Amino acid sequence: MSGAAIVTGAAGALGKSIASRLRRDLGAVLLVDLDEQSLAGVADSIGAHYVATDLTSEQAPAAVCDALDQQGWGVQVLVNNAGINRDARAGSMTDENFTTVLRVDLVAPARLALSLRGRMGAGASVVNIVSRAAFGNFGQSNYVAAKSGLIGLTRALAIDWAPDVRVNAIAPGLVDTPMTAGMPEKVLTRMVERVPAGRMGQPEEIAEVVAFLASPAASYVTGQTVVACGGRSIGP
Amino acid sequence: MTAPFVHAAPRGVGIEGLEAALLEAFQRLREALTAGRPAVVIVRDADLLGHGDPADAALANGLLGLVRALATEGAREQWIVNALAVDGEETDEAAQDVWVQRLSEPVGVTGVLIRLGDLHLGRVPV
């Protein structure tokens, strides 16, 4: 059984870049997202297979497994990239927005990783996409808790699954995607000013870090969180 | 000084219990902070490092994130919210009480993690 890369949230800009990059290294890529129309477009453009499913549903892991079985694929790389935010100050944060973010950004990736463990052989790798915001951010108590929790999960699974499977995380900072492009220009300018690199990151730059962590070049790296934020996490 | 609100991380909630556990912590911390009370969240250092159950690790780190997010947000209102990592069964309860009090004092410390014991030595910052 050959191994594929699974990329969740693959219909988005970052997910597409990650999937495209892993396609070069692994060949077999399975894209996962809720948005079937966009997903089909991405799959077509990079030559990948896809499964459209709601990762927060209890049936999602089975849907992913079915798609793998159809191709006769095992799991070489799992990239838990799907994520959402529902920002609000603590005082106006609703319970629904708090738990929805936790469900998508923390519970779903945990469930998927645990469900796929039996399909991962020696040398497989999991990469969880967290965020620089996991170290604390204004108006994102739900998102910060979820992404920080995912860092904890990364460490625990890295210990549990060693030496066969490596588990790491990447904490991107501000990345140039349609979501950031939709921000008010003044806000975005102020945010970029706080990045020592002086610019936003490109999705392809994050994808390169994913590719490194997923590859044999990182064979001695597990349980770690790589912060790819242009220096924002150390900036003034 | 107002009595601190202390929230100890529950253990054994499992992956499916993470949402409820983090929501409850958020609600209680928000209620305490907006009422002007300092708050301290107690977690196990071993859970922060990922030693043991994955859900316990996710919860401990999620709570630490919550502390940092609320400290960031409440800086102007001078919210005091900190985290204390203890060493499980080995923790000296008197030392724990001392640090809960210290982390609740209005001395300009917020969003901070104090790690009791020596488990953190030689390991990654969390």
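Proteins come first, then strands; the chains are lettered A, B, ... in the order of their sequence lines, and each starts at number 1. Not measured: the values here are computed from a predicted model.
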Report which part of B:L48 has an atom under 4.5 Å of a heavy atom belonging to chain A: side chain, backbone, both, or neither.
backbone
Is there a donor-acceptor contact under 3.5 Å from the side chain of B:R30 to the main chain of A:M93?
yes
Region of A:D160 that comes under 4.5 Å of a non-hydrogen atom in chain B:
side chain
Ranking B:G62, B:A69, B:G65, B:A60 by heavy-atom pairs under 4.5 Å to chain A gives rank one to B:G62
Portion of B:V67 that has a non-hydrogen atom of chain A nearer than 4.5 angstrom
neither
Only pairs of heavy atoms separated by less than 4.5 Å count here; which of A:A146, A:A158, A:G91, A:A145 has the most with chain B?
A:A145
Quick one about A:T154 and A:N128 (side-chain donor to acceptor, distance below 3.5 Å, no hydrogens or angles considered), yes or no?
yes
Option that, when pairs with chain A are counted at under 4.5 Å, heavy atom only, ranks first among B:L29, B:L33, B:L49, B:D47:
B:L49
Specify which of A:T225, A:L150, A:L102, A:N142 makes the most heavy-atom pairs with chain B at under 4.5 Å.
A:L102
Distance alone, cut at 3.5 Å: any donor-acceptor contact between the side chains of A:D87 and A:Q140?
yes
Under 4.5 Å from any heavy atom of chain A, what part of B:E24 do you find: side chain, backbone, both or neither?
neither
On the six-membered ring of A:W161, is A:R117 placed so that its NZ or CZ lies under 6.0 angstrom from the centre and within 45° of the ring axis?
yes
To the nearest 0.5 Å, atom CG of B:D45 lies from atom CG of B:D118 at 9.5 Å
Closest-packed option against chain B by number of heavy-atom pairs under 4.5 Å, given A:A133, A:A110, A:S141, A:G139
A:S141
Pairing donors with acceptors under 3.5 angstrom, does anything connect the side chains of A:Q59 and A:D54?
no
Just to verify, which of A:V7, A:V64, A:V75, A:L78 counts as forming a side-chain contact (heavy atoms from CB on, under 4.5 Å) with A:L30?
A:V64
With a 4.5 angstrom heavy-atom cut-off, could you sort out which part of A:F138 is near chain B: side chain, backbone, both or neither?
both
